[in-house]
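This report refers to the structure that appears directly beneath it.
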Amino acid sequence: MKTCRHQNTVEAFFDGEAKDPEWVEAHLADCAVCREYHSLLSAVRNGIAASRQAPSIAEPQFDLFMSGIAEGIERQPRYSFRGLWAYTSLVTAAILVGLALAFTLFPANRPVEATEIQAVYTDYDGATVDWYPSDDGSTTIWIKTAGDDLE
Amino acid sequence: MSVAMDVSLFFDGCAMKENERLRREELHLADEARLVAWAQAGRMEAFEELVRRFRNEVYALAYHFLRNREEAWDTSQEVFIKAYRSLKQFRGEASFKSWLLRITANHCKDQFKKRRLNAVAVEDEILMNSQSPDPHPGKQLESKELGAAINLAINQLPAKHRTAFMLREFQGLSYEEMAQVMQCSLGTVMSRLHHARKKLQNTLKERGVLEELQ
Ligand SMILES: [Zn+2]
């Protein structure tokens with residue numbers, strides 16, 4: 001398939017977003033490659049339009065649709081099971097690491113002064129764990145799960 | 001019960017109905033920003049009005065991703081539940097519609113990962129088409145086949161490209177709206193769309209569908 005460096009501009013024109021539509025029209029008159037590309041874009045769009053109907057939720061179905069949402073809002077816990085599971089496993093991992101370090105670093109009859117966390121890991125995709133020791137000997141563990149993205 | 005009391009109750013009932021009518025009218029006439037503010041303040045009926053306004057955009061996008069009406073219905077409900085819980089995080093930088101479609105696309109992307117689309121999806125589309133009366137049966141069969149081929153090709157696109165293509169071709173969003181939904185620059189929108197179209201054309205060409213289309 002032949003290409004032309006102006007195909008991006010032709011696409012923007014096809015989508016009604018060209019900055020200079022007159023220039024694109026003139027280019028289409030001159031460039032057979034872009035003309036073919038433009039007709040392909042139209043053919044695919046027409047193919048989609050001919051083969052489908054946009055589904056919708058009709059007004060009589062709305063109450064049923066909304067009642068499911070209202071139920072979900074009332075019943076569903078604030079955190080999903082997946083999120084809760086991730087939090088639980090992260091906190092458990094952090095506590096286990098802390099305890100293991102405490103037993104290793106401080107023998108049984110020696111008072112524990114502070115728990116030093118040297119590493120925390122998780123296999124939960126995208127989650128991060130940070131910790132912040134303070135002067136009073138306590139440590140804040142900060143757990144963040146991955147946010148939404150379209151990557 | 002005295003007659004005076006009956007009359008009083010009757011007028012109370014009328015007043016309540018009138019209040020309800022006025023409240024519904026107020027919601028119906030309110031602009032998007034006001035409805036969002038009311039919903040954020042905890043007015044459920046304002047959120048319900050937002051659901052009423054945007055249900056079909058959310059449902060259509062979910063359907064185009066999942067190709068199954070039941071799943072699209074459930075997914076749309078989950079999207080609105082998620083939106084309700086996240087209302088406080090919406091600050092109006094993008095339009096409410098873009099924000100909702102972003103949640104929808106993310107939600108569908110997760111579901112799409114769980115199950116790669118297969119023949120069932122296309123069957124749903126074909127079943128839907130076969131239910132509508134058609135004055136040109138020959139043409140319908142042809143467009144059905146083309147539609148199935150195009151859908152299969154779309155399903156093979158990487159998630160980012162598929163999202164861009166669907167937002168443009170199925171939802172009819174502008175580049176600016178697409179950038180809001182996908183949280184990227186206009187240049188990235190154009191690039192993703194271009195790659196989607198190129199890949200789609202290559203797949204259709206390999207399957208010998210391009211000649212049919214032209
Ligand atoms: Zn050209």
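What you see is a predicted model, and the numbers here were worked out from it, not measured in a lab. To find a chain, count down the sequence lines: A is the first, B the second, and so on, and within it residues start at 1.
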Side-chain heavy atoms of [X] within contact of [Y], under 4.5 Å:
X        : Y        : value
B:Lys198 : A:Thr3   : yes
A:Ile73  : B:Phe47  : yes
A:Leu40  : B:Gln201 : yes
A:Asp15  : B:Leu193 : yes
B:Gln77  : A:Glu71  : no

message = Taking side chain as everything from C-beta outward and backbone as N, CA, C, O, which of these in A:Ala12 sits under 4.5 Å from a heavy atom of chain B? Side chain, backbone, both or neither.
response = both

key: Portion of A:Phe65 that has a non-hydrogen atom of chain B nearer than 4.5 angstrom   =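 Both the backbone and the side chain of A:Phe65 come within 4.5 Å of chain B.
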
ask   = Relative to chain A, which segment of B:Ser76 carries a heavy atom at a distance below 4.5 Å: side chain, backbone, both, or neither?
value = both

task = Pick one of side chain, backbone, both or neither for B:Arg52, based on which atoms fall under 4.5 Å of a heavy atom in chain A.
result = both

Approximate separation, where rounding is to 0.5 Å, of [X] [atom1] and [Y] [atom2]:
X        : Y       : atom1 : atom2 : answer
B:Met44  : A:Ile69 : CE    : CD1   : 7.5 Å
B:Tyr175 : A:Glu11 : OH    : CD    : 6.0 Å
B:Ile81  : A:Glu74 : CD1   : CD    : 10.5 Å
B:His194 : A:Thr9  : NE2   : OG1   : 10.0 Å
B:Phe80  : A:Met66 : CZ    : CE    : 8.5 Å

Minimal non-hydrogen separation, [X] against [Y], with atom names:
X        : Y       : value
B:Arg197 : A:Tyr37 : CB-OH, 4.0 Å
A:Pro55  : B:Ala60 : O-CB, 4.2 Å
B:Arg85  : A:Gly72 : NH2-O, 3.1 Å

inquiry  = Around atom NE2 of A:His38, are there more than 12 heavy atoms from other residues, nucleotides or ligands closer than 6.0 Å?
reply    =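 Counting neighbours around NE2 of A:His38, more than 12 heavy atoms of other residues, nucleotides or ligands fall under 6.0 Å, so yes.
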
task = Taking only Lys NZ, Arg NE, NH1 and NH2, and the carboxylate oxygens of Asp or Glu, determine whether B:Arg55 and A:Glu59 approach each other closer than 4.0 Å.
result = yes

message = Just so I understand: if I count every heavy-atom pair under 4.5 Å between each of A:Asn8, A:Ile57, A:Leu41 and chain B, which residue has the most?
response =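 The option with the most such pairs is A:Ile57.
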
